[in-house]
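See below for the structure under consideration.
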Amino acid sequence: MRELIAGAIARAMGSGALPTIGDDDRPEIEVSHAANPEHGDVTTNLALRLARPLRRSPIDIATAIADELGEIGPHVSDDRLASVEVAPPGFINMRLGDGYLERSLDAARALGASYGQLAAHRVRHIDIEFVSANPTGPLTVGNARGAFVGDLLSRLLEAAGNEVTREYYFNDTNRQVSLLGSSIAARRAGKPVPEDGYHGAYVADLANEMPEEVWEAASREDEERDTSLGRWAATRIRAGIEASLRELGVRFDVWKTEGSLYAEGWVERAIQRLRSGGHLFEQDGALWFCSTAFGDDKDRVVIRANGTPTYFAADIGYVAEKFSRGFDELIYVWGADHHGTVARNRNAAEAMGFDREAVQMLLYAWVHFVRDGADASMSKRAGEFISLDELLAEVGTDAARWYFASRATTTGIDFDIEAAKDQSAANPVHYVRYAHARISSILRKASEAGLSPHSSVAGTLAGDDISKRLCLAVLRLPEVVEDAASARETHGVTSYATELATTFHAYYRDRRVLDAADRETSARRLALVDATRQTIANTLGLLGISAPQSM
RNA sequence: GCGCCCGUAGCUCAGUGGACAGAGCGUCUGACUUCGGAUCAGAUGGUCGGGGGUUCGAAUCCCUCCGGGCGCGCCA
């Protein structure tokens with residue numbers, strides 16, 4: 001729909017009614033749905049944006065374009081545009097033809113579950129790495145946002161026509177693992193857990209669950225005991241993490257371990273690649289990456305003076321490994337506290353010859369969890385945290401998904417768990433789900449009365465603004481997906497879902513769908529309502545939220 | 001101190017150059033002997049943190065100040 005108008009305007013511009021200008025000065029043609037019905041169905045501010053480069057008044061330009069659109073018969077040659085108006089200070093407002101809207105709606109309905117799934121001009125392969133929490137404790141609410149944001153973004157980019165790989169990175173070789181081991185050993189032996197160790201109840205549970213033979217075997221290893229125990233525990237914890245994520249509705253395609261990057265030589269080769277490019281230097285016995293050459297404020301150590309590689313070394317190898325799999329873009333979903341590491345990673349990628357623009361970090365702001373008005377700690381170290389499982393059990397996956405989907409990732413948010421539970425009945429997510437259930441109920445009733453949806457809504461829109469409004473709302477989904485994918489934010493999808501549900505409820509009030517005495521009208525209205533139901537289901541599906549038949 | 005993010009209605013948040021700044025929740029009024037009242041209609045409510053500047057036009061861009069979060073390791 002948007003393409004149609006944009007194309008018509010482009011042709012109007014090309015017909016000579018306006019001075020021609022270079023492509024560089026030509027603003028992108030944006031056509032959007034009018035928020036105010038008085039402004040037509042779709043509107044564009046193109047004339048306002050052209051005023052400067054053309055050095056003519058917005059009204060004059062708008063009038064010229066509108067005249068072209070009004071006489072564009074040969075190009076449009078049908079009923080797609082019903083009217084074109086110019087409104088101060090230079091907006092071009094258009095109304096779409098009923099026939100065109102009806103055909104569009106029939107087409108959307110025919111697509112069924114795939115309506116809203118866009119076909120990309122070129123399929124891009126995108127890798128999205130998220131969560132990647134160390135296997136030193138269960139996932140907490142602190143990991144929740146990353147999990148939701150990563151999953152939602154994955155779904156969104158897939159809907160926009162990309163091929164997405166979901167990836168989880170485990171640190172299995174670091175000090176944290178041995179610290180976990182020593183914490184468990186202390187618990188097992190009935191000694192106090194080290195100050196900097198892990199104090200959560202799960203550590204005690206693991207210590208108790210640990211089979212005697214594991215404990216004895218590890219105890220014989222002396223120096224390696226902690227690491228050995230830590231590995232055992234990490235495996236157990238990892239299984240729990242995977243289970244939590246499944247519960248949340250997230251599936252990962254790739255589980256990558258830090259150890260494998262070394263075992264397969266990726267780190268070594270990446271370092272060699274940087275070395276041959278002249279991007280490494282030695283100082284104070286350590287090996288450094290010259291990150292400042294690419295704009296970073298400091299150079300970064302890759303190999304410590306003691307010969308051990310840093311976390312960053314693995315990151316470098318990982319980037320090369322990811323690109324070797326043929327991705328067009330790598331997205332990292334990180335907490336905002338990682339923003340200091342963004343530059344070095346992109347710099348290293350560039351230094352190795354990759355396109356730094358293909359390495360994108362999406363940083364999400366912290367969530368402040370509150371329970372009963374009090375601060376809820378989520379530190380694993382402190383041993384007091386709300387686990388992701390608890391959150392899902394209390395609030396529900398649908399509500400939690402909606403909560404995170406409806407807020408911009410860069411915005412710090414407060415999450416009062418008790419309030420979220422209390423408000424569940426008034427939660428917008430249930431409002432939208434209710435609309436779906438209500439339509440499902442109507443369809444059931446129709447079926448019982450021997451009525452079924454017509455194959456087309458043709459003839460239902462003429463002179464009926466109520467129906468037309470619902471039709472327009474249904475038809476907006478593709479551009480909602482496009483805009484959201486382009487912005488890489490999902491809150492546009494949740495607001496659309498709410499608007500669609502609201503529009504339906506208003507329709508429901510004003511138009512009786514089922515009328516045994518008028519089977520033809522009933523069938524047409526059932527078609528419109530069924531398209532609405534499908535669109536609500538698809539929109540919720542995009543967010544991983546259930547669309548129930550009844551509730 | 002330096003860097004990044006944020007400050008919009010009582011609350012939670014949209015709006016990142018355009019038409020009177022929007023939504024949900026909250027509060028207050030109303031609406032069913034008809035398809036699900038978990039609904040609908042209306043009302044209430046904002047110096048867009050303060051102050052300068054750029055622009056025909058600024059919540060949006062620039063500068064500055066105030067307030068909050070995060071980061072500035074040979075930790076991960």
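Naming convention: chains lettered A, B, ... in sequence-line order (proteins, then strands); numbering from 1 in each chain.
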For B/A23 versus B/U44, give the span between their C1' atoms, rounded off to a whole number of Å. 16 Å

Just how far, in rounded Å, is C1' of B/C13 from OH of A/Tyr496? 21 Å

Gap in Å between the two C1' atoms, one belonging to B/U16 and one to B/U29, rounded: 38 Å

Hey, does A/Arg509 reach any base, or is it just sugar-phosphate, or nothing, if we go heavy atoms under 4.0 Å? sugar-phosphate

C1' gap between B/G42 and B/C4, integer Å: 45 Å

Using a heavy-atom distance cut-off of less than 4.0 Å, which residues of residues 542-551 of chain A contact RNA chain B? A/Gln549, A/Ser550, A/Met551

Separation of the C1' atoms in B/A59 and B/C48, to the nearest angstrom: 5 Å

Rounded distance [0.5 Å steps], OG1 in A/Thr341 versus OH in A/Tyr311: 8.0 Å

Picking from B/C40, B/G36, B/A38, the nucleotide nearest the side-chain atoms of A/Tyr431 would be B/C40

With a 6.0 Å cut-off (strictly less than), is the heavy-atom count around CD of A/Gln272, excluding the residue itself, greater than 12? yes

From the set B/G24, B/C74, B/U12, return the single nucleotide nearest to any side-chain atom of A/Tyr403. B/U12

Salt bridge A/Lys256-A/Glu321, side-chain N to carboxylate O under 4.0 Å: yes

Determine whether any donor atom in the side chain of A/His339 lies under 3.5 Å from an acceptor atom in the base of B/G3, or the reverse, and answer yes or no. yes

Taking only the C1' atom of each, what is the distance from B/C66 to B/G52 in whole angstrom? 15 Å

Just say parallel, tilted or perpendicular for the rings of A/Tyr364 and A/Trp366, cut-offs at 30° and 60°. parallel

What about the rings of A/His279 and A/Phe294, do their centers lie closer together than 6.0 Å? yes

Does the separation of the ring centres of A/Phe252 and A/Phe130 fall below 6.0 angstrom? yes

If you look at every strand shown and take non-hydrogen atoms under 4.0 Å, does A/Ala336 touch a base, only sugar-phosphate, or nothing? sugar-phosphate

With C1' as the reference atom in both, quote the distance from B/C56 to B/U12 in angstrom, rounded to an integer. 36 Å

Using a 4.0 Å heavy-atom cut-off across all strands, classify A/Thr43 as base, sugar-phosphate, or nothing. base

Paired to B/G7 by Watson-Crick or G-U wobble criteria (both distances under 3.5 Å) is B/C66

Classify A/Ala408 by what it touches in the nucleic acid, base, sugar-phosphate, or nothing, heavy-atom distance under 4.0 Å. sugar-phosphate

When rounded to whole Å, the CZ to C1' distance for the pair A/Arg300 and B/C75 reads 13 Å

Within a strict 4.5 Å, meaning less than it, do heavy atoms of the A/Ser452 and A/Leu526 side chains meet? no

B/A41 to B/G46 separation - C1' atoms, rounded to the nearest Å: 24 Å

Below 4.0 angstrom, N of the basic side chain to O of the carboxylate: do A/Glu448 and A/Arg444 qualify? no

Counting any heavy atom closer than 4.0 Å, what does A/Asp510 reach on the DNA or RNA strands: base, sugar-phosphate only, or nothing? nothing

How is A/Arg511 classified with respect to the nucleic acid when contacts are heavy atoms under 4.0 Å: base, sugar-phosphate, or nothing? base

Please tell me which of the listed nucleotides, B/C75, B/C35, B/C13, lies nearest to the side chain of A/Arg304? B/C75

So A/Thr411, base contact, sugar-phosphate only, or nothing? Heavy-atom distance under 4.0 Å. sugar-phosphate

Whole Å only: how far is the CD1 atom of A/Ile536 from the P atom of B/U39? 13 Å

Nearest-angstrom distance, C1' atom, B/G68 to B/G22: 25 Å

Less than 4.5 Å apart, any side-chain heavy atom of A/Asn171 and any of A/Thr257? no

When you measure from the centre of the six-membered ring of A/Tyr403, is the NZ or CZ of A/Arg407 closer than 6.0 Å and no more than 45° off the axis? yes

Taking for each residue the nucleotide of RNA chain B with the nearest heavy atom, is it A/Val301 or A/Val513 whose nucleotide lies nearer the 5' end? A/Val513

I need the CG-C1' distance between A/Asp518 and B/C35, as an integer number of Å. 15 Å

Measuring to OP1 and OP2 of B/G73, would you say a side-chain N or O of A/Lys298 lies under 4.0 angstrom away? yes

Side chain to side chain donor-acceptor pair (under 3.5 Å) partner of A/Ser291, chosen from A/Asp297, A/Asp296, A/Asn345: A/Asp296

When rounded to whole Å, the CD to C1' distance for the pair A/Glu489 and B/C13 reads 12 Å

Within the 4.0 Å heavy-atom criterion, would you say A/His491 contacts the bases, only the backbone, or no part of the nucleic acid? sugar-phosphate

Between A/Lys468 and A/Asp465, does at least one N-O distance fall below 4.0 Å, as a salt bridge requires? no

Pair assignment for B/G17, Watson-Crick or G-U wobble, requiring both distances under 3.5 Å: none

Quick one: which of B/U12, B/G36, B/A76 gets closest to the side chain of A/Ala437? B/G36

Which base sits across from B/G42 as a Watson-Crick or G-U pair, both distances under 3.5 Å? B/C28

Between C1' on B/C32 and CZ on A/Arg512, what's the gap in Å once rounded to a whole number? 12 Å

Here the distance between atom C1' of B/C20 and atom CZ of A/Phe91, to the nearest Å, is 12 Å

Could you tell me the separation between the CG atom of A/Asn45 and the P atom of B/A58, rounded to a whole number of Å? 16 Å

Any salt bridge linking A/Arg511 with A/Asp464? Criterion: basic side-chain nitrogen under 4.0 Å from a carboxylate oxygen. yes

Heavy-atom nearest nucleotide on RNA chain B taken for A/Ser495 and for A/Thr498; more 5' hit belongs to A/Ser495

Of the residues in residues 499-508 of chain A, which ones touch RNA chain B at a heavy-atom distance under 4.0 Å? A/His505, A/Tyr508

In the structure shown, which nucleotide is the Watson-Crick or G-U wobble counterpart of B/C2, with both distances under 3.5 Å? B/G71

Can you check whether A/Tyr434 stacks with the B/G36 base, using ring centres under 5.5 Å and planes within 30°? no

At under 4.0 Å between heavy atoms, what does A/Asn93 touch on the DNA or RNA strands: base, sugar-phosphate, or nothing? base

